[in-house]
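First up is the structure itself, then whatever we jot down about it.
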Amino acid sequence: MELTGVGIWSSQLRYGDASESAEAAAELDELGFPALWIPDVGGPVLGAVARLLAATRRTVIATGILNLWMHAPGEVAESHAELTAEHGDRFLLGIGVSHAPLIDAGQPGRYRKPLAATAAYLDGLDAAPRPVPVESRVLAALGPKMLALSASRARGAHPYLVTPEHTAYARSVVGQGPLLLPEQGVILCDTYDEARRIGTDTLRAYLSMPNYANNMLRCGFSEDDVTQVTDRLFDALIAWGDEEAVMRRVAEHHAAGADHVCVQVLTDDPRAFPREQWRRIAAAI
(Lines give C-alpha, C1' and ligand atoms only; values in the text may rest on other atoms or scores of the structure.)
Protein backbone atom coordinates (compact mmCIF):
# COMPACT_ATOMS: atom_id res chain seq x y z
CA MET A 1 0.00 0.00 0.00
CA GLU A 2 1.75 3.13 -1.26
CA LEU A 3 0.50 6.49 -0.04
CA THR A 4 2.13 9.44 -1.74
CA GLY A 5 0.99 12.42 -3.76
CA VAL A 6 -2.55 13.76 -3.44
CA GLY A 7 -5.73 11.97 -2.40
CA ILE A 8 -9.37 13.01 -2.12
CA TRP A 9 -11.20 13.42 1.19
CA SER A 10 -14.96 13.42 0.61
CA SER A 11 -18.11 13.27 2.71
CA GLN A 12 -20.09 12.87 -0.53
CA LEU A 13 -18.44 9.52 -1.26
CA ARG A 14 -19.59 8.39 2.19
CA TYR A 15 -23.05 9.89 2.57
CA GLY A 16 -24.11 10.80 -0.96
CA ASP A 17 -26.21 8.74 -3.37
CA ALA A 18 -24.69 5.24 -3.42
CA SER A 19 -24.74 4.81 -7.19
CA GLU A 20 -23.20 8.22 -7.85
CA SER A 21 -20.65 7.56 -5.11
CA ALA A 22 -19.55 4.35 -6.83
CA GLU A 23 -19.44 6.06 -10.24
CA ALA A 24 -17.44 9.00 -8.87
CA ALA A 25 -15.01 6.69 -7.07
CA ALA A 26 -14.41 4.74 -10.26
CA GLU A 27 -13.62 7.99 -12.08
CA LEU A 28 -11.29 9.17 -9.31
CA ASP A 29 -9.51 5.83 -9.56
CA GLU A 30 -9.08 6.30 -13.31
CA LEU A 31 -7.86 9.87 -12.73
CA GLY A 32 -5.01 8.39 -10.71
CA PHE A 33 -5.73 9.51 -7.16
CA PRO A 34 -3.89 7.06 -4.88
CA ALA A 35 -6.41 7.22 -2.02
CA LEU A 36 -10.01 8.20 -1.29
CA TRP A 37 -10.85 9.20 2.29
CA ILE A 38 -14.30 9.09 3.88
CA PRO A 39 -15.57 10.27 7.29
CA ASP A 40 -17.61 8.46 9.92
CA VAL A 41 -20.19 10.39 11.91
CA GLY A 42 -22.64 7.52 12.18
CA GLY A 43 -23.96 4.68 10.07
CA PRO A 44 -22.42 1.60 8.43
CA VAL A 45 -19.01 2.97 7.47
CA LEU A 46 -17.62 -0.47 6.67
CA GLY A 47 -20.42 -0.98 4.15
CA ALA A 48 -19.36 2.25 2.46
CA VAL A 49 -15.75 1.05 2.39
CA ALA A 50 -16.89 -2.20 0.76
CA ARG A 51 -18.89 -0.32 -1.89
CA LEU A 52 -15.95 1.95 -2.75
CA LEU A 53 -13.49 -0.92 -2.88
CA ALA A 54 -15.79 -2.76 -5.27
CA ALA A 55 -16.07 0.33 -7.48
CA THR A 56 -12.31 0.86 -7.80
CA ARG A 57 -9.34 -1.17 -8.98
CA ARG A 58 -6.20 0.52 -7.69
CA THR A 59 -6.93 3.29 -5.23
CA VAL A 60 -6.73 2.87 -1.46
CA ILE A 61 -9.96 3.41 0.45
CA ALA A 62 -9.28 5.02 3.83
CA THR A 63 -11.50 5.94 6.75
CA GLY A 64 -10.78 9.46 7.90
CA ILE A 65 -11.75 8.49 10.49
CA LEU A 66 -13.63 5.47 11.81
CA ASN A 67 -15.18 6.65 15.09
CA LEU A 68 -13.92 4.21 17.72
CA TRP A 69 -16.89 4.85 20.02
CA MET A 70 -19.29 3.54 17.35
CA HIS A 71 -17.69 0.26 16.27
CA ALA A 72 -16.50 -2.79 18.22
CA PRO A 73 -12.83 -3.53 17.50
CA GLY A 74 -13.40 -7.25 16.95
CA GLU A 75 -16.06 -6.61 14.32
CA VAL A 76 -13.90 -4.00 12.60
CA ALA A 77 -10.93 -6.37 12.52
CA GLU A 78 -13.02 -9.14 10.98
CA SER A 79 -14.43 -6.80 8.32
CA HIS A 80 -10.96 -5.48 7.55
CA ALA A 81 -9.68 -9.04 7.06
CA GLU A 82 -12.61 -9.96 4.81
CA LEU A 83 -12.34 -6.84 2.66
CA THR A 84 -8.58 -7.22 2.33
CA ALA A 85 -8.96 -10.83 1.28
CA GLU A 86 -11.47 -9.80 -1.39
CA HIS A 87 -9.90 -6.59 -2.69
CA GLY A 88 -6.22 -6.81 -1.79
CA ASP A 89 -4.29 -4.50 0.47
CA ARG A 90 -6.35 -1.37 -0.30
CA PHE A 91 -8.22 -0.69 2.96
CA LEU A 92 -6.45 1.75 5.26
CA LEU A 93 -8.18 1.88 8.63
CA GLY A 94 -8.03 5.41 10.01
CA ILE A 95 -9.18 5.45 13.64
CA GLY A 96 -10.08 8.39 15.85
CA VAL A 97 -11.84 9.47 19.04
CA SER A 98 -14.00 12.15 17.42
CA HIS A 99 -15.10 15.01 19.71
CA ALA A 100 -16.61 15.19 23.19
CA PRO A 101 -19.65 17.34 22.23
CA LEU A 102 -20.65 14.79 19.58
CA ILE A 103 -20.06 11.64 21.63
CA ASP A 104 -21.48 12.98 24.89
CA ALA A 105 -24.61 14.34 23.20
CA GLY A 106 -26.18 10.88 23.20
CA GLN A 107 -24.49 9.50 26.30
CA PRO A 108 -23.11 12.18 28.64
CA GLY A 109 -19.75 11.30 30.12
CA ARG A 110 -18.90 8.64 27.57
CA TYR A 111 -16.06 10.64 26.03
CA ARG A 112 -13.20 10.40 28.49
CA LYS A 113 -9.45 9.71 28.44
CA PRO A 114 -9.18 9.78 24.62
CA LEU A 115 -5.55 8.63 24.57
CA ALA A 116 -6.29 5.64 26.79
CA ALA A 117 -9.45 4.86 24.81
CA THR A 118 -7.44 4.82 21.58
CA ALA A 119 -4.76 2.57 23.04
CA ALA A 120 -7.44 0.19 24.34
CA TYR A 121 -9.08 0.12 20.91
CA LEU A 122 -5.77 -0.79 19.31
CA ASP A 123 -5.40 -3.54 21.90
CA GLY A 124 -8.77 -4.85 20.76
CA LEU A 125 -7.70 -4.85 17.12
CA ASP A 126 -4.51 -6.68 18.06
CA ALA A 127 -6.39 -9.29 20.10
CA ALA A 128 -8.90 -10.14 17.37
CA PRO A 129 -8.72 -13.59 15.72
CA ARG A 130 -7.62 -11.81 12.55
CA PRO A 131 -5.87 -8.65 13.79
CA VAL A 132 -5.62 -5.44 11.78
CA PRO A 133 -1.91 -5.17 10.93
CA VAL A 134 -0.10 -2.12 12.27
CA GLU A 135 0.85 -1.15 8.71
CA SER A 136 -2.85 -1.06 7.72
CA ARG A 137 -4.00 1.50 10.29
CA VAL A 138 -3.39 5.16 11.10
CA LEU A 139 -4.65 7.46 13.83
CA ALA A 140 -6.35 10.82 13.80
CA ALA A 141 -3.78 12.87 15.71
CA LEU A 142 -3.13 16.53 16.45
CA GLY A 143 -1.34 16.83 19.79
CA PRO A 144 1.99 15.35 20.83
CA LYS A 145 0.71 12.33 22.78
CA MET A 146 -1.65 11.09 20.06
CA LEU A 147 0.99 11.73 17.41
CA ALA A 148 3.46 9.66 19.42
CA LEU A 149 0.89 6.86 19.74
CA SER A 150 0.33 6.94 15.97
CA ALA A 151 4.04 6.42 15.47
CA SER A 152 4.35 3.54 17.94
CA ARG A 153 1.06 1.65 17.45
CA ALA A 154 0.05 2.47 13.87
CA ARG A 155 1.56 3.24 10.50
CA GLY A 156 1.27 6.97 11.10
CA ALA A 157 -1.08 9.90 11.54
CA HIS A 158 -3.97 11.53 9.70
CA PRO A 159 -4.15 15.11 11.05
CA TYR A 160 -7.32 16.97 10.05
CA LEU A 161 -7.85 20.74 9.74
CA VAL A 162 -4.19 21.63 9.96
CA THR A 163 -1.63 23.98 8.44
CA PRO A 164 1.71 23.15 6.79
CA GLU A 165 3.34 24.46 10.00
CA HIS A 166 1.45 21.81 11.95
CA THR A 167 2.61 19.22 9.43
CA ALA A 168 6.21 20.20 10.15
CA TYR A 169 5.53 19.94 13.88
CA ALA A 170 3.86 16.55 13.48
CA ARG A 171 6.82 15.25 11.49
CA SER A 172 9.16 16.35 14.28
CA VAL A 173 7.10 14.30 16.73
CA VAL A 174 6.55 11.09 14.74
CA GLY A 175 10.03 10.97 13.24
CA GLN A 176 11.02 9.91 9.74
CA GLY A 177 9.48 6.44 9.51
CA PRO A 178 5.72 6.78 10.06
CA LEU A 179 3.36 8.11 7.43
CA LEU A 180 2.01 11.64 7.78
CA LEU A 181 -1.27 12.14 5.89
CA PRO A 182 -2.80 15.58 6.55
CA GLU A 183 -6.16 16.80 5.24
CA GLN A 184 -6.32 20.13 3.40
CA GLY A 185 -9.52 22.04 2.66
CA VAL A 186 -9.58 23.79 -0.72
CA ILE A 187 -11.97 26.11 -2.57
CA LEU A 188 -11.59 26.63 -6.31
CA CYS A 189 -12.91 30.15 -6.83
CA ASP A 190 -12.11 33.55 -8.31
CA THR A 191 -12.41 35.91 -5.33
CA TYR A 192 -11.76 36.00 -1.61
CA ASP A 193 -15.37 36.98 -0.97
CA GLU A 194 -16.50 33.80 -2.69
CA ALA A 195 -14.02 31.71 -0.70
CA ARG A 196 -15.24 33.30 2.53
CA ARG A 197 -18.88 32.74 1.62
CA ILE A 198 -18.25 29.04 0.98
CA GLY A 199 -15.77 28.24 3.74
CA THR A 200 -16.39 30.40 6.79
CA ASP A 201 -19.37 28.55 8.23
CA THR A 202 -17.62 25.22 7.69
CA LEU A 203 -14.59 26.42 9.63
CA ARG A 204 -16.78 27.92 12.35
CA ALA A 205 -18.50 24.55 12.84
CA TYR A 206 -15.20 22.70 13.08
CA LEU A 207 -13.65 25.25 15.42
CA SER A 208 -16.57 24.88 17.82
CA MET A 209 -15.02 21.49 18.64
CA PRO A 210 -12.46 21.74 21.47
CA ASN A 211 -9.93 19.45 19.78
CA TYR A 212 -9.63 21.70 16.74
CA ALA A 213 -9.84 24.97 18.64
CA ASN A 214 -7.16 23.89 21.11
CA ASN A 215 -4.90 22.76 18.29
CA MET A 216 -5.13 26.17 16.65
CA LEU A 217 -4.23 27.82 19.96
CA ARG A 218 -1.32 25.39 20.29
CA CYS A 219 -0.23 26.44 16.78
CA GLY A 220 0.00 30.10 17.81
CA PHE A 221 -3.38 31.48 16.83
CA SER A 222 -5.31 33.66 19.28
CA GLU A 223 -8.70 33.17 20.89
CA ASP A 224 -9.98 35.93 18.61
CA ASP A 225 -8.62 34.14 15.55
CA VAL A 226 -10.53 31.01 16.54
CA THR A 227 -13.82 32.54 17.69
CA GLN A 228 -14.05 35.07 14.84
CA VAL A 229 -12.44 32.92 12.11
CA THR A 230 -10.19 35.82 11.18
CA ASP A 231 -8.66 36.27 7.74
CA ARG A 232 -5.36 35.08 9.20
CA LEU A 233 -6.84 31.79 10.36
CA PHE A 234 -9.01 31.31 7.27
CA ASP A 235 -6.04 31.70 4.94
CA ALA A 236 -3.96 29.35 7.08
CA LEU A 237 -6.54 26.56 6.95
CA ILE A 238 -8.13 26.96 3.50
CA ALA A 239 -6.31 26.97 0.18
CA TRP A 240 -8.43 29.08 -2.16
CA GLY A 241 -8.11 30.38 -5.69
CA ASP A 242 -7.13 28.47 -8.82
CA GLU A 243 -5.43 25.12 -9.25
CA GLU A 244 -2.02 26.70 -8.87
CA ALA A 245 -2.96 28.04 -5.43
CA VAL A 246 -4.23 24.64 -4.35
CA MET A 247 -1.11 22.82 -5.56
CA ARG A 248 1.10 25.42 -3.93
CA ARG A 249 -0.46 24.62 -0.54
CA VAL A 250 -0.16 20.89 -1.18
CA ALA A 251 3.52 21.41 -1.96
CA GLU A 252 3.96 23.28 1.32
CA HIS A 253 2.61 20.25 3.20
CA HIS A 254 4.93 17.93 1.30
CA ALA A 255 7.90 20.20 1.98
CA ALA A 256 6.97 20.19 5.67
CA GLY A 257 7.09 16.39 5.83
CA ALA A 258 3.76 15.06 4.55
CA ASP A 259 3.85 11.79 2.62
CA HIS A 260 0.36 12.23 1.17
CA VAL A 261 -2.11 15.15 1.31
CA CYS A 262 -5.87 14.50 1.41
CA VAL A 263 -7.61 17.34 -0.46
CA GLN A 264 -11.18 18.15 0.57
CA VAL A 265 -13.02 20.33 -1.97
CA LEU A 266 -15.56 22.74 -0.45
CA THR A 267 -18.35 24.18 -2.60
CA ASP A 268 -21.63 26.08 -2.28
CA ASP A 269 -23.55 22.82 -1.89
CA PRO A 270 -21.88 20.44 0.58
CA ARG A 271 -24.09 17.58 -0.60
CA ALA A 272 -23.13 17.80 -4.28
CA PHE A 273 -20.25 15.75 -5.64
CA PRO A 274 -17.56 18.27 -6.73
CA ARG A 275 -16.61 16.20 -9.74
CA GLU A 276 -15.60 19.10 -11.97
CA GLN A 277 -13.25 20.38 -9.25
CA TRP A 278 -11.78 16.91 -8.74
CA ARG A 279 -11.04 16.73 -12.48
CA ARG A 280 -9.36 20.12 -12.39
CA ILE A 281 -7.16 19.08 -9.49
CA ALA A 282 -6.24 15.81 -11.21
CA ALA A 283 -5.20 17.74 -14.32
CA ALA A 284 -3.05 20.05 -12.22
CA ILE A 285 -1.10 17.33 -10.43
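The salt bridge (Lys or Arg N to Asp or Glu O under 4.0 Å) contacts involving residues 149-175 comprise D123-R153, D126-R153, R171-D259, where partners must be two or more places apart or lie in separate chains.
Between E2 and R58 no salt bridge is recorded (no basic side-chain N to carboxylate O distance below 4.0 Å).
Using a distance-only test at 3.5 Å, with no hydrogens or angles considered, a donor-acceptor pair links the side chain of N214 to the main chain of P210. Judged by distance alone, the side chain of H158 and the main-chain N or O of P182 form no donor-acceptor pair under 3.5 Å. Panel note: side chain D225, backbone L233; no donor-acceptor pair is recorded below 3.5 Å.
For the residue pair S19 / D17, a side-chain donor-acceptor distance below 3.5 Å is found, with atom types taken as modelled. With no hydrogens or angles considered, no side-chain donor-acceptor pair links T63 and D40 at under 3.5 Å. There is a side-chain donor-acceptor pair under 3.5 Å between T56 and R90.
Under the ring-ring contact (aromatic ring centres under 6.0 Å, His included) criterion, Y212 pairs with H99, Y160, Y206, sequence neighbours left out. With sequence neighbours excluded, the residues satisfying side chain to side chain contact (heavy atoms under 4.5 Å, CB included) with P164 are R249, E252, H253. The ring-ring contact (aromatic ring centres under 6.0 Å, His included) search around Y121 returns none, not counting sequence neighbours. Remark: E183 pairs with Q264 by the side-chain hydrogen bond (donor to acceptor under 3.5 Å, both in side chains) rule, at least two apart or across chains. A search for side-chain hydrogen bond (donor to acceptor under 3.5 Å, both in side chains) contacts involving T200 returns R196, not counting sequence neighbours. Residues satisfying the side chain to side chain contact (heavy atoms under 4.5 Å, CB included) test with S21, not counting sequence neighbours, are L13, R51, L52, F273. Partners of A245 under the side chain to side chain contact (heavy atoms under 4.5 Å, CB included) rule, at least two apart in sequence or in another chain, are D242, R248. Residues passing the side-chain hydrogen bond (donor to acceptor under 3.5 Å, both in side chains) test with S79: none are found, sequence neighbours excluded. A170 meets the side chain to side chain contact (heavy atoms under 4.5 Å, CB included) test with L147, H166, L180; sequence neighbours excluded. A search for ring-ring contact (aromatic ring centres under 6.0 Å, His included) contacts involving W278 returns nothing, not counting sequence neighbours. With sequence neighbours left out, H87 forms a side-chain hydrogen bond (donor to acceptor under 3.5 Å, both in side chains) with no residue at all.
The nearest pair of heavy atoms linking P34 to T4 is CG-O, 3.2 Å. Pairing each heavy atom of P274 with each of T267, the nearest pair is CB-CG2, 3.9 Å. Taking both residues in full, the closest heavy atoms of V45 and P39 are given as CG2-O, 4.0 Å, listed atom of the first, atom of the second, then distance. For H260 against V6, the heavy-atom pair with the smallest separation is CE1-C, 3.7 Å. Taking all atoms of both residues into account, the shortest heavy-atom contact from A236 to T163 is O-CG2, 3.4 Å.
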